[in-house]
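Single-structure report; data block below.
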Amino acid sequence: MEKKTKVSLSGIQPSGKITLGNYLGSIKNWVDIQDSDAFDNRYCIADLHSITVWQDPESLRDQTYQLFAQLLAAGLDPEKCILFVQSHNPSHPKLSWILSCFTMFGELSRMTQFKDKSQRHSDNVNAGLFTYPVLMAADILIYDADIVPVGEDQRQHVELARDIAIRFNNRFPGSFVVPEAYIPKEGAKIMSLQDPSRKMSKSDSNDNAYILVMDSPDDILRKFKRAVTDSDSRVIVSEDKPGVTNLIHIYSAVTGKSLAEVEAEFEGKGYGVFKPAVAEAVIELLRPLREKSLELLRDKAYLDDVMAIGAEKARAITEAKVREIYEKVGFVLSKAK
Ligand code: TRP
């Protein structure tokens, strides 16, 4: 099989709302990779993965539309990439089953995310939570992805996908491209505004801890004003000033200025000037995204159509791949329509 361009594939779960951390840490990278024109781009909303922890059905559906609108608003362009909802392409779970027969119980038991999540959701340690990385491997391998842009927390899952691909290829040569995690070097690590030792997370019980892409300018300003800082008021990066350091990182990521430039800009100015400046920069970054998303969300029929286009393109690629793999493992290919 000849491939012209290298393939980039990633996924994002629609469980919960999208934070500034999600935007700077993943979505913006996807858009940059798409716009670099160096790859064929495939991005999915991983709703199948979401139900490994309990979801309210109406919220899940709503968040899927919200996320889809935000991805479009952020600049993913259905002309330049295949943007689709994972459950709209049944090839993923089909391949996942086969790959699960090439994945060892021990390998899955060692996944740190499984260990974390089974502790956090100890009343619901379901089989899907355990086999989650196999489905993710299927998402990746079914498109012959070369790179998988993800955050550091997903590195182990991509490594497993590599191991599964290599194992499968040993048995059935040439079946899958062996993918590589593509983790931005200077990944903007955005921490909680209330506890800067923890990652900014939408599942935080304190909603002042995170900024959402859909937050209003007033909310953003209030959250930054309340952000935890330190007793002295110098705007410098320092290990013993994690709160201010986090704000400097955010300001730097949003404005493109280096950390040193930010320090210089606010030398002798104090938090009273710095915090509203960070808020202002974030408000302006998110404003077009929020406005465009709200506009798109007013037209669900349009979003449904764009989802359908993505699903059709995705299926066209993966149905052939599933047939190829079915044949390799020895299934009779059905002639049923
Ligand atoms: N598991 C990923 C996360 O939670 C989301 C995801 C699903 C994904 N399928 C993928 C990421 C395929 C990369 C490739 O962040």
Side-chain angles (χ1 to χ4, degrees), residues 6-19 21-30 33-34 39-53 55 60 63-64 67-68 70-71 76 81-96 99-100 103 108 111-118 120-121 128-165 176-184 187 189-190 199-203 310 314 317-318 321:
K6 293 204 168 214
V7 172
S8 164
L9 173 129
S10 194
I12 182 169
Q13 293 191 52
S15 32
K17 306 207 155 97
I18 298 304
T19 66
N22 299 131
Y23 174 67
L24 292 173
S26 343
I27 298 173
K28 192 169 170 300
N29 283 326
W30 297 4
I33 293 169
Q34 167 197 272
F39 296 93
D40 275 345
N41 298 279
R42 280 111 216 227
Y43 298 114
C44 76
I45 294 186
D47 55 349
L48 298 174
H49 279 107
S50 290
I51 63 164
T52 55
V53 302
Q55 303 290 333
L60 179 59
Q63 283 156 11
T64 302
L67 178 54
F68 194 77
Q70 288 171 41
L71 292 174
L76 286 185
C81 72
I82 304 179
L83 177 62
F84 64 102
V85 177
Q86 189 188 31
S87 67
H88 294 179
N89 186 356
S91 296
H92 295 227
K94 286 185 188 168
L95 181 64
S96 180
L99 296 182
S100 75
T103 309
L108 292 176
M111 294 291 118
T112 51
Q113 191 173 83
F114 171 69
K115 290 193 251 180
D116 286 353
K117 285 196 181 168
S118 44
R120 269 190 288 136
H121 306 277
L129 194 63
F130 188 65
T131 57
Y132 172 118
V134 182
L135 177 60
M136 182 164 152
D139 296 340
I140 298 169
L141 301 184
I142 203 165
Y143 295 97
D144 285 314
D146 297 275
I147 65 157
V148 186
V150 282
E152 191 56 49
D153 63 320
Q154 296 296 315
R155 186 193 287 279
Q156 196 185 29
H157 290 158
V158 180
E159 292 294 322
L160 180 67
R162 285 174 66 84
D163 292 343
I164 297 172
F176 298 117
V177 168
V178 179
E180 240 169 84
Y182 188 85
I183 298 173
K189 212 171 177 207
I190 308 294
K199 220 172 110 171
M200 181 182 282
S201 162
K202 55 205 164 193
S203 45
I317 297 170
T318 59
K321 189 80 188 176

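Keep in mind the model is a prediction, meaning the values are calculated, not measured. Note that ligands are numbered from 1 as they come in the structure, with each ligand's atoms numbered from 1 the same way. Along the sequence shown, residues are numbered consecutively beginning with 1.
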Query raised in the report: Within a reach of under 6.0 Å around NZ of Lys199, are more than 12 heavy atoms found that belong to other residues, nucleotides or ligands?
Result: no
Query - Validation row, ring centre Phe114 to ring centre His157 under 6.0 Å - result: no
Query - Any side-chain heavy-atom pair of Pro133 and Leu108 under 4.5 Å - result: yes
Query raised in the report: Where do Tyr182 and Asn29 land on the side chain to side chain contact (heavy atoms under 4.5 Å, CB included) test, with the steps shown first?
Result: CA-CA 10 Å; Tyr182 188 85; Asn29 283 326; over 6 Å; no
**Report entry** More than 12 heavy atoms of other groups within 6.0 Å of Lys202 NZ
**Finding:** yes
Can you give me a line-by-line list of nitrogen or oxygen pairs between ligand 1 and the protein shorter than 3.5 Å?
residue	atom	partner	partner atom	Å
ligand 1	1 (N)	Tyr132	OH	2.7
ligand 1	1 (N)	Gln154	OE1	3.1
ligand 1	4 (O)	Gln13	NE2	3.0
ligand 1	4 (O)	Tyr132	OH	3.0
ligand 1	9 (N)	Asp139	OD2	2.7

Query raised in the report: Are more than 12 heavy atoms from other residues, nucleotides or ligands located less than 6.0 Å from atom CD of Glu180?
Result: no
